Amino acid sequence: MLRMSTLFLRTLREDPSDAEVPSHKLLVRAGYIRRVAPGVFTWLPLGYAVYRNVEHIVRSEMNAAGFQEVHFPALLPREPYELTNRWTEYGDTLFRLQDRKGADYLLGPTHEEMFTLLVKGEYSSYKDLPISLYQIQSKFRDEARPRAGILRGREFVMKDSYSFDIDDAGLQISYDKHRQAYIATFARLGLEFVIVSAMSGAMGGSASEEFLAPTPVGEDTFVRCPSCAYAANVEAVTTVAPLSINASGVPATHKERTPASGTIEALVSYSNRDFTREDRPWSAADTLKNVIFMVDGPDGSQSALAIGVPGDREIDMKRLEALLQPSEARPFEDADFVKFPSLVKGYIGPNELGAQSASGIRYLVDPRVVDGSRWITGADEAAHHFYDFVAGRDFTADGIIDVAEVRAGDACPNCGAGFEIERGIEIGHIFQLGRKYAEAVGLKVLDEHGELITVTMGSYGIGVSRAVAAIAEQSHDDKGLIWPREVAPADVHLIAAGKDEALFMAAERLGSELESVGVRVLYDDRTSVSPGVKFNDSELIGIPTIVIVGKRLADGFVEVKNRRTGERRDIALEDVVNEMRILNER
RNA sequence: CGGGGUGUAGCGUAGUGGCUAGCGCGUCUGCUUUGGGAGCAGAAGACCGCAGGUUCGAGUCCUGUCACCCCGACCA
């Protein structure tokens, strides 16, 4: 029985000034966590109890799925990460350190290399596979900007699993088992979640899905179709290309002088004044905006890339980066323009783009730029635009790229309905890694023909510490936290409300009885604290059931309050233990 | 790393260049109080982020520096 009189706990009446999101504010105010350094937190007794409950649920579901737990060090040598090139590729996000001899070490940001090497060291036959191993470990990432308290720290706990199979079919089975285990885990954690596609096909088609907990403070944006099951991270949304259009009636293209048309908006209004089209007014979606990027490859190479999108949409850098990985893109700067004299900044058009053009810059367009679509676009001359510039007739791009911003109402690729946009916290990620790491470290086994084959892998993560914050984020009100029972630090928050000694004795006895039948109790046995303080603390702390031993005790009753609904009931003292036990069994 | 902001007691904060840096919460002592963050009386607790400078005088002005927070780019 946890006793408030001795519990290491100090609740705060005011929000900490450095906290922004509800989970951070409440976890600090309720005395669950304290900050040690940016993105680094200490778990206090109540917080650690919740954390351990979450960890326990994760572990038990992993074990139930037949995965085996191992535990790597957090402190790792450099060499394994050299094999996969991640010692350098990981960049500044990697915490590096040296031992006294000057040898390089790192604090593990994720453990693909270690798991792969471990299996390589032990197994060498197809008969040993499949196998799935996992660990629950502190991970370290020197994030450029930790934020939102526990939601995005530099030290955090992650459950990471890796599956090892001899072929794609086996990998699919391992992947599906993890998917099922994750569904069971998050359901038990009391989290509302959505499974979204996380990668576009352009990356090579390996399956990857994210488990997102919808909340306004989530860092991931995803789309969800209200009329079918489709859900995807914005990075993975595929745009439905319209059918090609018959452009036989479109006038021949013509170049016009368009002064003061520096912005799309200005161009559209100018066009509607001086170059009206026959059927309807021009809109921003009729302009073709061409943006040039410099793409830095992982090997240090640089190449320019031109992207054409309808003028009513921006290019979504996240989508672009996701598609280009591991290369990185940045908008063209003046210094880059100097190298391409045929480009007129602000008036770049398809004529000067593409492999065949003078610039030679690869030119990719949005899927909406179908054959027969009719555009206003740059004429590669200051203050001039082409009108009635038709795709397939007047220009041809080198290919399609789907990186324009995604908007609510855009068509679902599955059923065509307009989808909705929401935000969510990434609480889990399952991913068919394939043979990348196995190849890098040489993980091969003999198959039934005695041939060496490279193992194929899956990698699966759950943010354990993050899940605590995600639950807090989804489950609180203006008074405080509201824990789902299975993760709550106790089942019952027992309050002695009053000063009568008999009342404390009755509460004490009730607490013991509850504990004896397996009900976890947090007992507010403080004698010098007024009932109001106790009530407020109980609501802040967020244990699902609050039992008040107070003024109704004289009639043989205690009050039982549901933290979530606020519903209160008077229950006869002798029935409480039974009631609580039933409640606990659900 | 780009942009914005803030550093005053454990927490939240006030402080036109001028006396001993103020208030609330929390903490301690005593008395009172006990169904919605109690009252009275007293007490402890601050190198005003750090380093320079201007000035008779700096929490306040200037320069530098560090730290932290927020918005972006990056991620469980």
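All values reported here derive from a predicted model rather than from experimental measurement. Order of the sequence lines fixes the chain letters, A, B, ..., with proteins taken first and strands second; residue numbering starts at 1 for each chain.
Rounded to whole Å, the C1' atom of B/G2 lies 34 Å from the corresponding atom of B/G15. Rounded to whole Å, the separation between the C1' atoms of B/C61 and B/C23 comes to 26 Å. To the nearest whole angstrom, the two P atoms, one in B/C48 and one in B/G30, are 33 Å apart. Using P as the reference atom, B/C47 and B/A9 are 8 Å apart when rounded to the nearest Å. B/G36 and B/U20 have their P atoms separated by 46 Å, given to the nearest Å. On the P atoms, B/A73 is 39 Å away from B/U16, given to the nearest whole Å. Taking atom P on both nucleotides, B/G57 is separated from B/C11 by 33 Å, rounded to a whole Å. Remark: the separation of the C1' atoms in B/A46 and B/G39 is 28 Å, to the nearest Å.
Aromatic ring orientation, A/His178 versus A/Tyr460: parallel (interplanar angle below 30°, classes split at 30° and 60°). Ring orientation note: the planes of A/Phe211 and A/Phe186 are tilted relative to one another, at an angle of 30° to 60°.
Enclosure of atom OH in A/Tyr48 is not indicated, since only 12 or fewer non-hydrogen atoms of other residues, nucleotides or ligands lie within 6.0 angstrom. Counting heavy atoms of neighbouring residues, nucleotides and ligands inside a 6.0 Å radius, atom CD of A/Glu574 exceeds 12 of them.
Remark: A/Arg147 is in phosphate contact with B/G72, judged by side-chain N or O atoms under 4.0 Å from OP1 or OP2. The side chain of A/Ser17 places an N or O atom within less than 4.0 Å of a non-bridging phosphate oxygen (OP1 or OP2) of B/G12.
When rounded to the nearest whole Å, the span between CD of A/Glu155 and P of B/A76 equals 17 Å. A straight line from CD of A/Glu314 to C1' of B/A73 spans 16 Å, rounded to a whole angstrom. Protein atom CZ of A/Arg10 is 15 Å distant from nucleotide atom P of B/C25, rounded to whole Å. In this structure, the CZ atom of A/Phe8 is 14 Å from the P atom of B/U27, given to the nearest Å. Rounded to an integer number of Å, the gap from A/Leu151 CG to B/C75 C1' is 13 Å. Rounded to whole Å, the distance from CZ on A/Arg423 to C1' on B/C71 is 12 Å. The distance between atom CZ of A/Phe431 and atom P of B/C75, rounded to the nearest whole Å, is 12 Å. Following rounding to the nearest Å, A/Ile33 (CD1) and B/G10 (P) show an atom-to-atom distance of 20 Å.
Base pairing of B/C68: its partner is B/G5, meeting the Watson-Crick or G-U wobble criterion (both donor-acceptor distances under 3.5 Å). As the counterpart of B/G57, no nucleotide is assigned, since no Watson-Crick or G-U wobble pattern has both distances under 3.5 Å. Across all strands shown, the partner of B/G22 is B/U13, judged by Watson-Crick or G-U wobble contacts whose two distances both fall under 3.5 Å. Under the Watson-Crick and G-U wobble criteria, each requiring two contacts below 3.5 Å, nucleotide B/U34 is left unpaired. Across all strands shown, B/U29 pairs with B/A41; the Watson-Crick or G-U wobble distances both stay below 3.5 Å.
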Original post:
In B/S/- notation, 5' to 3', how is nucleotides 31-46 of chain B contacted by protein heavy atoms closer than 4.0 Å?
Top reply: ---BBBBS--------

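Side chain of A/Asn562 to main chain of A/Thr565: a donor-acceptor pair is present (N/O by atom type, distance under 3.5 Å, no hydrogens or angles).
In this structure, A/Asp18 and A/Ile462 both approach RNA chain B, and ranking their closest nucleotides by distance from the 5' end singles out A/Asp18.
No hydrogens or angles considered: a donor-acceptor pair under 3.5 Å links the side chains of A/Glu426 and A/His429. Checking A/Arg564 against A/Ser475 by side-chain atom types alone, a donor-acceptor pair falls below 3.5 Å. A/Gln135 and A/His111 are linked by a side-chain donor-acceptor pair at a separation below 3.5 angstrom, with hydrogens and angles left out of the test. Of the N and O atoms on the side chains of A/Asn53 and A/Tyr51, not one donor lies less than 3.5 Å from an acceptor on the other residue.
Within 4.0 Å (heavy atoms only), A/Arg152 reaches at least one base atom of the nucleic acid. Counting any heavy atom pair closer than 4.0 Å across all strands shown, A/Glu143 reaches a base atom. At the heavy-atom level, A/Ile427 lies under 4.0 Å from the strands shown only through sugar-phosphate atoms. Counting non-hydrogen atoms under 4.0 angstrom, A/Gly31 reaches nothing in the nucleic acid.
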